[in-house]
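Step one of this worksheet: look at the structure below.
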Amino acid sequence: MPTIRIRLTGSRDDADTLLTTLHGIDGIEHVEELDDETAYERDDSSSSELVDDNSAELFLIEVQASDNLHADAVRAVTEVKASLLGAVVEFVDEF
């Protein structure tokens with residue numbers, strides 16, 4: 001069962017919209033937003049106190065698909081939806 005890990009940079013509404021969309025794809029076994037506080041810390045301490053101009057947040061989303069065909073559909077739908085929302089997504093091997 002393929003697992004797709006998505007890092008989404010956008011608003012809470014963007015994340016909720018993407019989660020709802022992913023839940024609607026047939027062949028998806030599981031969709032979960034992960035809450036890992038360490039993932040939000042910056043590696044670079046020189047900018048850790050700066051104000052974020054666009055007030056975007058980082059959301060970690062994990063999706064389990066039934067097969068590779070559905071995993072490809074998750075990636076395609078995620079890219080299109082993020083583009084429509086004005087959010088940024090990145091597919092990663094691990095968080």
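- Heavy atoms only, all atoms of each residue included: I61 and F95 are closest at O-CZ, 3.5 Å.
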Using a 3.5 Å cut-off and no angle test, enumerate the donor-acceptor pairs between side-chain atoms of residues 68-86 and protein atoms at least two apart in sequence or in another chain.
| residue | atom | partner | partner atom | Å |
| --- | --- | --- | --- | --- |
| H70 | ND1 | S66 | OG | 3.2 |
| H70 | ND1 | D67 | OD1 | 2.7 |
| H70 | ND1 | D67 | OD2 | 3.4 |
| H70 | NE2 | D26 | O | 3.4 |
| D72 | OD1 | R75 | NH1 | 3.2 |
| R75 | NH1 | A71 | O | 3.3 |
| T78 | OG1 | V74 | O | 2.7 |

Take T3 and E62 through the test side chain to side chain contact (heavy atoms under 4.5 Å, CB included) and record every step on the way to the result.
CA-CA 7 Å; T3 300; E62 189 170 84; 3.5 Å; yes
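- With D16 contributing its side chain and D13 its backbone, the two residues share no donor-acceptor pair below 3.5 Å.
- Across A65 and I4, no two heavy atoms sit closer than the pair CB-CD1, 4.2 Å.
- Of all non-hydrogen atoms in G10 and F59, the two that sit nearest each other are O-CE1, 3.3 Å.
- Looking at residues two or more places apart in sequence or on another chain, you find no salt bridge (charged side-chain N to carboxylate O under 4.0 Å, His left out) involving E29.
- For the residue pair S11/D14, the side-chain donor-acceptor check at 3.5 Å is satisfied.
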Could you walk me through whether V63 and I6 pass the side chain to side chain contact (heavy atoms under 4.5 Å, CB included) check?
CA-CA 8 Å; V63 182; I6 304 164; 4.2 Å; yes
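- Annotation: salt bridge (Lys or Arg N to Asp or Glu O under 4.0 Å) contacts involving residues 83-95, sequence neighbours excluded, comprise R7-E90.
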